[in-house]
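For reference, the structure is listed below as structure tokens.
Numbered from 1 within each chain, the chains take letters A, B, ... in sequence-line order. Because the structure is a prediction, the values reported are computed rather than measured.
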Number of protein chains: 2
Amino acid sequence: MERIVRKYRGKGFKLTPQRIAILKFLEGNTNHPTADDIYTEIKKKYPTVSFATVYNTVQALRDRGELLEITIDPERKHFDPNPSAHHHIMCTGCGKIGDVFFDYSESLGLPEEVTREFAVTGNHIDFYGICSSCRAKTS
Amino acid sequence: MERIVRKYRGKGFKLTPQRIAILKFLEGNTNHPTADDIYTEIKKKYPTVSFATVYNTVQALRDRGELLEITIDPERKHFDPNPSAHHHIMCTGCGKIGDVFFDYSESLGLPEEVTREFAVTGNHIDFYGICSSCRAKTS
DNA sequence: TACTATAATAGAATTATTCCAAGATAGTAA
DNA sequence: TTACTATCTTGGAATAATTCTATTATAGTA
């Protein structure tokens, strides 16, 4: 909490109670929550919180480069409060998303017919797999 | 058209005029259309076609492994009638999506802490960049 | 030719997300 | 400490993408 206040105070980012609750929920969270996950959690403490607040806050964080929007799940967006370049893996059984911290950039050279048309600025790898608990269930 | 009939006849996939039109539109199409793109196109010839038909058809094709659903664009799903393993690049200026035909699988080993938890089954790389026409506009 | 399983349609329903107007408040400057 | 104002929160409406449902139509077959 003190850390959060220190980080955001006086940076043109108004620290409201709802925002602090969202920031606390996200800090160190590696579950890749959806907007609904965040909303449901914050609602416990602030029953009148609205989705607009959740979306406004994640957008403000994204604009500041402090949160990533993840597209690995075709059904809905997930958010990752760790903005450092990394990749993700999703279980095709239960939808669980894990982080992949490994720098593949040296290996991701593009064919010339692509670089002729696109100036590449970034990349992100989606891995798919089956998590251990889903494997335990089906075997 | 004959090719399409040959490919699907007697395979439990009913070839209706609407489906044939969708298949013809998709065949060799590298523009990665959205459901709306397909709908708009088919509507020209079959004004009463519905979105349900478009979604049913792409889902049937996906189930048969003949079409990929692409998640690179956070705003909407795109479809790729080329089901062979490949990757994509999207222009962050105009949203144009290009194909990347290169097999990176040798380079995409995963850290042990990931393979301990997930049995990996696949991967897909999203590249981001600026396409040539967007570069021409801004410079 | 007739039958039947499957598809097409219109429109309603659902879900995710964004927008909007009104009231509330955090951060500031005095 | 006070007062100001830019920014935030809220509820609800709006939008957009997608799915569902009941009904009618039809492709493929026997």
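Distance, Leu15(B) CG to dA7(C) P: 10 Å, rounded to whole Å. With rounding to whole Å, Asp73(B) atom CG is found 15 Å from dA16(C) atom C1'. Distance CD (Gln18(B)) to C1' (dT9(C)): 9 Å, rounded to an integer number of Å. Rounded to whole angstrom, the span from the CG atom of Asn56(A) across to the C1' atom of dT17(C) amounts to 11 Å. Atom OH of Tyr55(B) is separated from atom P of dT15(C) by 16 Å (rounded to the nearest Å). In this structure, Lys43(B) places its NZ atom 11 Å from C1' of dA10(C), rounding to the nearest Å. Regarding Phe13(A), its CZ atom lies at a distance of 18 Å from the P atom of dT25(C), rounded to whole Å. Atom C1' of nucleotide dT14(C) and atom CZ of Phe51(A) are separated by 14 Å, given to the nearest angstrom.
Of the inter-residue distances, the one linking Tyr55(A) atom OH with Tyr39(A) atom OH reads 11.0 Å to the nearest 0.5 angstrom. Distance check: Ile72(B) CD1 to His88(B) NE2 gives 7.5 Å after rounding to the nearest 0.5 Å. Here the straight-line distance linking atom OG1 of Thr48(A) with atom NZ of Lys43(A) works out to 7.0 Å at 0.5 Å rounding.
Heavy atoms of Asp36(B) sit nowhere under 4.0 angstrom from any nucleic acid atom. Contact annotation for Ser50(A): base contact, defined as any heavy-atom pair under 4.0 Å involving a base atom. Residue contacts for Pro17(A): at a heavy-atom cut-off of 4.0 Å it reaches the sugar-phosphate backbone alone, with no base atom in range.
Using a 4.0 Å cut-off between a side-chain N of Lys or Arg and a carboxylate O of Asp or Glu, Lys7(B) and Glu27(B) do not qualify as a salt bridge.
When the salt bridge (charged side-chain N to carboxylate O under 4.0 Å, His left out) test is applied to Lys44(A), the partners found at least two apart in sequence or on another chain are Glu41(A).
First and last contacting nucleotides of DNA chain D toward chain A (any atom under 4.0 angstrom from a heavy atom, 5' to 3' order): dA6(D) to dG11(D).
Both Arg76(B) and Tyr8(B) lie near DNA chain D, and the one whose nearest nucleotide falls closer to the 5' end is Arg76(B). Along DNA chain D, the nucleotide closest to Thr48(A) and the one closest to Gln59(B) are compared, and the more 5′ of them pairs with Thr48(A).
Remark: the Asn31(A) side chain and the His78(A) side chain contain no N/O donor-acceptor pair separated by less than 3.5 Å.
The shortest distance between side-chain heavy atoms of His124(B) and Ile125(A) does not fall below 4.5 Å.
The side chain of Lys14(A) lies closest to dG27(C) when the candidates are dG27(C), dA5(C), dA8(C).
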